[in-house]
Amino acid sequence: MANIYKNVQKLLDSTSPTQEMYASPAETTSIVKTINLYSNHGSSLDVTVTIYDASSTTTFEYQKVAVDASNSVDLLTFNNVLVLEAGDKIQLQASQANAITMTAAVLQTSRT
């Protein structure tokens, strides 16, 4: 078993229905400790966060948040974590492309 700490940063560069921001690799459980969304847009943006569950091939709405102009929002609060199994994904959607950046701290534990 190997533990790998990752700092995941990704720009939401599309307004498509959902954009994949992080996917848990094969043979890996990912423990997401923090998710921060930052807006560089001139006004508040609503962001929908969904989790794709690979084992049931279903997407679940996780949270909908308003991110104020030039501000950030933490999605996971004190002592909360998100556990993703292999193939599970964090997805985002916003009405404005190239305005939201996601930063997440992830511990990946592989079974190999």
Over 12 non-hydrogen atoms of neighbours within 6.0 angstrom of CD in E85
no
Using 0.5 Å steps for rounding, measure from the OG1 atom of T50 to the OH atom of Y52.
11.5 Å
Heavy-atom pair of closest approach, residues L76 and L82:
CD1-N, 4.2 Å
Distance check, rounded to the nearest 0.5 Å: Q9 atom CD versus T101 atom OG1?
8.0 Å
Working to the nearest 0.5 Å, report the span between OH of Y38 and CG of L11.
12.0 Å
Run L37 and L75 through side chain to side chain contact (heavy atoms under 4.5 Å, CB included) and show every step you take.
CA-CA 8 Å; L37 302 179; L75 298 183; 4.0 Å; yes
Will you find, in the side chains of S110 and E27, an N or O donor that is under 3.5 Å from an N or O acceptor?
no
Should we count CZ of F60 as having more than 12 external heavy atoms under 6.0 Å?
yes
Hey, quick one: are I4 and L107 part of the same hydrophobic cluster, counting side-chain heavy atoms closer than 4.5 Å, chains of contacts allowed?
no
State whether the side chain of K10 and the backbone N or O of E20 hold a donor-acceptor pair below 3.5 Å, judged by distance alone.
yes
Can you hop from I31 to V49 via hydrophobic side chains spaced under 4.5 Å?
no
Residue pair V47, Q93: steps toward the side chain to side chain contact (heavy atoms under 4.5 Å, CB included) verdict:
CA-CA 6 Å; V47 180; Q93 179 184 17; over 6 Å; no
Can you tell me how far CD of Q96 sits from CG of N40, rounded to the nearest 0.5 angstrom?
9.0 Å
Any chance you could measure L92, atom CG, to Y22, atom OH, to the nearest 0.5 Å?
14.5 Å
Quick check: closest heavy atoms across T48 and K64, and the distance to 0.1 Å?
OG1-CE, 3.1 Å
Strictly distance-based, threshold 3.5 Å: is any side-chain N or O of S55 a donor or acceptor partner for the main-chain N or O of D53?
no
What heavy-atom pair brings T15 and A97 nearest, and what distance separates the two atoms?
CG2-N, 3.5 Å
Nearest heavy-atom approach of M21 to L12 is CE-N, 3.9 Å
Nearest heavy-atom pair of S39 and S43: which atoms, and what distance?
OG-O, 4.3 Å
Applying side chain to side chain contact (heavy atoms under 4.5 Å, CB included), run through N7 and T103 and close with a yes or a no.
CA-CA 7 Å; N7 184 27; T103 301; 3.5 Å; yes
If I take atom NZ from residue K89 and atom OG1 from residue T18, how far apart are they, to the nearest 0.5 angstrom?
9.0 Å
Using the rule given for side chain to side chain contact (heavy atoms under 4.5 Å, CB included), can you reason through T28 versus T109, listing the C-alpha separation, both sets of side-chain angles and the distance that settles it, and then say yes or no?
CA-CA 5 Å; T28 302; T109 303; 5.7 Å; no
Which atoms form the tightest heavy-atom contact between Q108 and S30, and what is the distance?
CG-OG, 3.8 Å
If you define the side chain from C-beta out and look only at heavy atoms, does anything of I51 sit under 4.5 Å from T59?
no
Acceptor/donor pairs from residues 65-74 side chains to any protein atom, 3.5 angstrom cut, sequence neighbours excluded:
residue : atom : partner : partner atom : Å
D74     : OD1  : N36     : ND2          : 2.8

Would you confirm whether T58, through its side chain, and S56, through its main-chain N or O, come within 3.5 Å as a donor-acceptor pair?
yes
Do V106 and K33 have side chains that get closer than 4.5 Å, going by heavy atoms?
no
